[in-house]
Colleague: 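The structure that follows is given in the form of structure tokens.
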Amino acid sequence: MGLDRETPRPALVGRGDLLDHLERTLRDHGRAALTGPPGIGKTALVAAVARPEERRARGETVLWLAPEEEDRDIPGAGAAGLLDDVPEAAVRALPRPQRTAVAVARRETEAPAAGQDRVALRLAVAQVLRLIAAEGPVLLVVDNAQWLDPDSSALLRFALHKAPPAVRALAAERQHTSPLHAENLFGHTGPRVVPVPPLGADHIAALLADHELPARLAGRIRRASGGNPRLALAIGRSLAGARTFVHHADELPLGGEARAAARHMLAEVPAGAHPTLLLAALATRPTTTVLRRAGRASAEADLAAAQRAGLVTVGEDGAVAFTAAVVPAALAAEADWTERAACHAALAEAVGDPVQAVRHRALAADPRGAGAELAGELDRALEPCRRRGDHALAAELGLLAAERTPAGHSEEEVARLLGAAADAARAARPDLSKRAADAILARDVPPAARLSARLAILDTAFQGLTDLDETFSHALADAGDDPSMRAAVLVRLVWKQQLADGDSATARGTAEEAYRLALAAGDRETAVLAATARARISRALGEPEAGARTEEALTVWREGLPPALRNGPRLLAFRHALFDDRLTEAREGLLALLPELERLGTTEDLVAALRSLAEVEARQGQCAAALVHARRAVSIALEAGFSPGPLWYSAALAETAGGSFRRAADYARRSLRASQEEGDQVFVHCSLYALGRVQLAMGETALALETLDRIRDLPITALTTDPSVLRWHEELAEAYVAGGEPDKAAGLLAEVTPVARRLGRTTVLTALDRVHGQYLAATGDPDAGAELLRETADRFTAHGLPIEAGRTLLALARTERRRRRRAAAQAVLREAAGVFDRAGARPWARLAGGAPPRGGAGPFPGGPAESTGRLTEAERRLALLVGRGASNQEAAARLFLSVKTVEARLTRIYRKLGVRGRAQLAVVVRDE
């Protein structure tokens with residue numbers, strides 16, 4: 001028997017909603033069965049639901065049965081394990097025949113000559129469950145239900161049929177057993193079957209980050225693992241240190257643990273089915289029809305066996321998909337070249353798409369013996385791929401054409417490799433880009449070709465520019481004195497200097513030089529990119545000519561350049577509209593740009609547009625739309641292998657606006673970790689801002705101060721003058737006020753207000769006025785503070801910033817309490833709740849609707865009932881400490897109490913004030 005009651009945290013990443021669903025199912029139906037493949041996290045979920053120690057503290061009993069594979073063939077093994085876990089008092093209360101049956105089942109005594117009394121044993125188990133249930137609720141857990149022996153399964157079915165409603169049961173088993181053992185176990189009532197779904201790329205990224213593995217690999221590891229957490233970690237560990245991931249048609253660099261896992265999965269399928277699976281692995285879009293045409297008459301039967309083993313799914317149209325890409329990768333890697341070539345030759349005759357047919361013919365041919373005709377066919381197949389937007393396939397075909405170019409045709413070979421590198425960059429496929437670049441750099445080619453290869457590597461590095469100093473150095477050497485080539489390198493170096501180095505001043509000089517060189521060379525495309533970079537940095541540095549420089553970049557772009565120019569000026573113009581809170585202009589422009597980017601643009605620009613749109617909508621109070629666009633951006637970016645730092649930052653903002661403060665904090669922490677991993681100074685700053693902002697909203701003032709104070713020490717902060725570009729000043733100043741340090745708040749306000757006024761940053765000034773109002777209230781002038789806060793809320797409303805207006809109303813409510821105007825405070829809170837409700841700002845609405853004014857002046861919509869209890873002086877001191885961000889441990893140390901005493905007093909405080917947690921307590925007591 002095996003029992004693992006520890007909850008492996010990794011398996012619970014992304015499982016919050018599923019846990020809630022399980023709890024509801026058990027509460028409402030009493031019977032639930034978790035199903036899923038090995039490694040999906042069933043045991044961890046069961047343990048998270050069961051929580052034996054927590055349930056015992058509440059007077060509940062957890063009975064846990066976890067049979068192992070060998071127990072399946074031992075009659076009564078499961079019953080013995082269960083009876084060994086029941087309280088001894090319940091066994092002693094049984095009649096003698098039933099006690100004897102239990103002793104025999106436990107092997108505590110010899111069975112009588114007539115054998116085990118099965119009826120007595122059944123009655124004993126049923127009676128034990130009734131006796132335990134009479135003392136309190138019972139949860140019976142059966143993990144690995146597929147290994148439960150038939151005798152024990154029948155016994156438990158009988159006992160559960162007789163059990164009172166207080167006995168609930170949860171089973172977990174592999175999904176590919178038939179029929180479900182849980183259905184046999186629970187009898188005619190049947191369980192509610194709850195499949196455990198695979199994790200998405202976002203949660204795989206979080207899982208990898210938790211294990212200090214590169215989150216950037218999340219999309220490809222998600223495909224390789226099929227979203228199975230255990231397999232994903234095995235693959236992540238196999239790829240630790242790797243920065244690229246090879247396409248599934250080639251050999252995957254997966255060894256050790258990951259390869260062993262794939263072999264174990266394949267062992268579940270008869271060996272006779274493996275040739276069919278190899279064919280499916282090598283086909284781009286396998287179907288049962290294609291596999292039959294390729295010579296596998298047994299395709300349906302082979303795939304049915306693989307489907308039972310959880311390796312593939314087969315759609316109604318016969319489309320075949322592997323559940324985890326590591327399986328086809330292992331199949332391809334473990335077949336020799338002759339086997340693979342034969343499969344590709346068969347597939348070339350079987351597929352209907354001429355592009356795929358030529359691809360398979362190329363893969364079937366020995367590169368050394370392939371002629372110019374095959375390479376030419378591959379060249380001709382490129383244009384249809386590009387027309388339909390399949391640049392990844394175009395890159396692969398270009399690589400195949402280069403590899404099959406006859407000896408002595410080096411110029412043609414290099415041209416094909418350069419085309420493949422460009423297609424790979426357009427498809428956001430750094431793996432294919434690097435293959436093409438490595439092939440070019442391994443040859444004796446002119447500097448221009450070497451430079452193109454290095455630029456392809458730089459263009460698919462995205463945020464991960466920290467370790468590319470050597471690549472930039474070689475690229476500048478290749479460029480020499482050629483102004484166009486040198487400008488092309490410098491315009492990319494600007495990104496590294498600003499993102500990775502955090503040096504806006506140096507980046508500005510580099511952008512200026514790139515612009516000058518590109519104009520001198522007549523290279524208008526590079527000139528536009530350099531002008532765009534210059535405008536971006538000019539805005540960050542607070543230069544008055546920033547707007548004119550943005551317009552200059554747009555003017556040069558309009559003069560005949562491609563509409564969907566990568567990193568072009570239109571996206572920058574919409575970002576600047578966001579900074580200025582010209583939100584309607586920004587939103588309408590981004591929405592109009594999306595279809596063009598989806599059709600003609602790069603994946604990088606599409607993600608940037610979606611991310612910007614989410615930020616605009618979050619600020620504008622279109623919270624549901626912000627969440628949709630943020631999640632779409634995260635999904636696309638992780639699948640493409642981008643750094644998740646910027647995406648998780650945008651998701652944190654969207655969640656702060658309309659989702660959940662807890663999820664927002666989680667996204668912000670992930671963004672911080674990923675940005676530090678990539679050396680991205682800009683988004684280290686942004687993620688600290690997002691985290692500090694949500695901590696402040698949740699009432700964790702001490703943590704918010706610690707987080708936001710870190711921003712001041714970042715190099716990028718000192719070199720970013722415009723307070724609308726990288727926001728943080730108003731949040732840190734508010735944290736100073738809330739944390740009892742108003743002098744620091746005043747100093748920061750005095751520092752940033754003149755800059756914001758000089759640059760005309762109206763909404764930044766409005767946010768600073770909100771803090772000034774709180775400062776006045778905290779330093780002895782609540783009347784002036786209240787007047788300023790009311791005026792500020794009205795100005796935010798006029799600017800179309802409802803969440804900021806609602807936040808200001810929350811501050812005003814606290815100030816009204818300071819003035820002992822409880823009725824006015826309640827009215828303002830109701831007003832704030834209405835503002836948040838209309839915007840769909842759910843976490844803010846809960847905050848406003850769940851925290852009545854101190855003293856219990858009466859409930860308001862969405863809030864708890866009024867409490868008439870008054871805090872004692874000791875309770876008031878504790879409430880102030882916790883409301884200002886102290887943890888239970890910190891409060892205990894400050895007040896010379898035990899942590900248990902703090903917890904007990906907090907429970908009384910929550911009840912007296914009618915609040916439900918620390919965040920609501922902070923709203924009530926923050927400014928006391």
Side-chain angles (χ1 to χ4, degrees), residues 246-250 279 282-287 289-290 293-294 332 337 340-440 442-443 445-446 448-449 452-453 455-456 459-460 562 564 566 598-603:
V246 181
H247 191 254
H248 83 272
D250 303 313
L279 266 178
L282 296 175
T284 302
R285 287 182 289 275
T287 65
T289 301
V290 166
R293 286 178 183 167
W337 184 87
R340 292 197 302 272
C343 287
H344 283 300
L347 287 167
E349 299 298 322
V351 297
D353 182 355
V355 172
Q356 288 296 333
V358 70
R359 171 181 172 272
H360 284 299
R361 284 200 298 277
L363 289 167
D366 187 339
R368 294 168 299 179
E373 182 179 346
L374 181 56
E377 282 189 75
L378 289 163
D379 280 342
R380 290 189 290 277
L382 290 173
E383 198 50 44
C385 290
R386 290 168 179 156
R387 278 200 305 271
R388 61 195 187 198
D390 195 346
H391 293 281
L393 179 57
E396 187 185 351
L397 294 177
L399 286 166
L400 288 171
E403 290 166 1
R404 284 146 184 81
T405 302
H409 295 73
S410 59
E411 288 187 8
E412 291 179 32
E413 181 185 19
V414 170
R416 285 164 176 155
L417 288 170
L418 289 170
D423 281 316
R426 196 167 184 81
R429 285 291 299 272
D431 53 334
L432 297 177
S433 178
K434 188 173 185 303
R435 278 176 57 190
D438 287 348
I440 293 167
R443 288 158 174 74
V445 296
S452 295
L455 294 182
D459 285 344
T460 50
R566 180 175 183 263
E598 289 170 343
R599 187 176 70 257
L600 301 171
T602 65
T603 307

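The figures that follow rest on heavy atoms only: side chains count, while hydrogens, waters and symmetry mates do not.
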Colleague: Where do V355 and P384 come nearest, in terms of heavy atoms and distance?
Modeller: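 Distance-wise, the nearest heavy atoms are CG2-CB, 4.2 Å.
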Colleague: Looking at every heavy atom in both A364 and A345, which two are closest together, and how far apart are they?
Modeller: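 Closest pair (atom of A364, atom of A345, distance): CB-N, 3.6 Å.
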Colleague: How long is the gap from CD on E413 to CZ on R443, to the nearest 0.5 Å?
Modeller: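 If we round to the nearest 0.5 Å, E413:CD and R443:CZ are 4.0 Å apart.
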Colleague: Salt bridge between E403 and R435, side-chain N to carboxylate O under 4.0 Å?
Modeller: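 Salt bridge: yes.
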Colleague: Write down the atom of A436, the atom of L417, and the distance for their closest heavy-atom approach.
Modeller: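 Heavy-atom minimum between the residues: CB-O, 3.6 Å.
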Colleague: Taking all heavy atoms of S452 and all of L418, pick out the closest pair and write down the distance.
Modeller: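 The answer is CB-CD2, 3.4 Å.
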Colleague: Is it true that atom CD of E411 has more than 12 heavy atoms of other residues, nucleotides or ligands lying nearer than 6.0 Å?
Modeller: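 Atom CD in E411 is not packed in, count stays at 12 or less.
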Colleague: Could you go step by step and tell me if V290 and R285 meet the side chain to side chain contact (heavy atoms under 4.5 Å, CB included) rule?
Modeller: CA-CA 9 Å; V290 166; R285 287 182 289 275; over 6 Å; no
Colleague: Over all heavy atoms of both residues, which pair between A294 and A350 is shortest? Give the atoms and the distance, please.
Modeller: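 Scanning both residues, the minimum pair turns out to be N-CB, 3.8 Å.
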Colleague: So how far is it from R404 CZ to L363 CG, rounded to the nearest 0.5 Å?
Modeller: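 It comes to 6.0 Å.
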Colleague: Do you know the tightest heavy-atom contact between A424 and A395?
Modeller: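 Closest pair (atom of A424, atom of A395, distance): N-CB, 3.7 Å.
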Colleague: Could you give the distance from CG (L282) to CZ (R340), rounded to the nearest 0.5 Å?
Modeller: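 Going from the CG atom of L282 to the CZ atom of R340 covers 7.5 Å.
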Colleague: To the closest 0.5 Å, what do you measure between NE2 (H344) and CG (L279)?
Modeller: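 So the gap between those two atoms works out to 9.5 Å.
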Colleague: Please report the interatomic distance CG(L382) to NE2(H391), rounded to the nearest 0.5 Å.
Modeller: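 Those atoms lie 11.0 Å apart.
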Colleague: At what distance, to the nearest 0.5 angstrom, does CG of L399 lie from CG of L432?
Modeller: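 Between atom CG of L399 and atom CG of L432 there are 6.0 Å.
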Colleague: Are more than 12 heavy atoms, taken from residues, nucleotides or ligands other than E349, located less than 6.0 Å from that residue's CD atom?
Modeller: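 No, because the 6.0 Å sphere around CD of E349 holds 12 heavy atoms or fewer from other groups.
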Colleague: Assess, by modelled atom type and distance only, whether the side chains of T284 and R359 contain a donor and an acceptor separated by less than 3.5 Å.
Modeller: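 A pair is found: one side chain offers a donor N or O, the other an acceptor, under 3.5 Å apart.
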Colleague: Show your working on side chain to side chain contact (heavy atoms under 4.5 Å, CB included) between L397 and C385 and close with a plain yes or no.
Modeller: CA-CA 9 Å; L397 294 177; C385 290; 3.6 Å; yes
Colleague: Regarding T405 and E412, do their side chains bring together a donor and an acceptor under 3.5 Å, going by distance alone?
Modeller: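 No, E412 and T405 have no side-chain donor paired with an acceptor closer than 3.5 Å.
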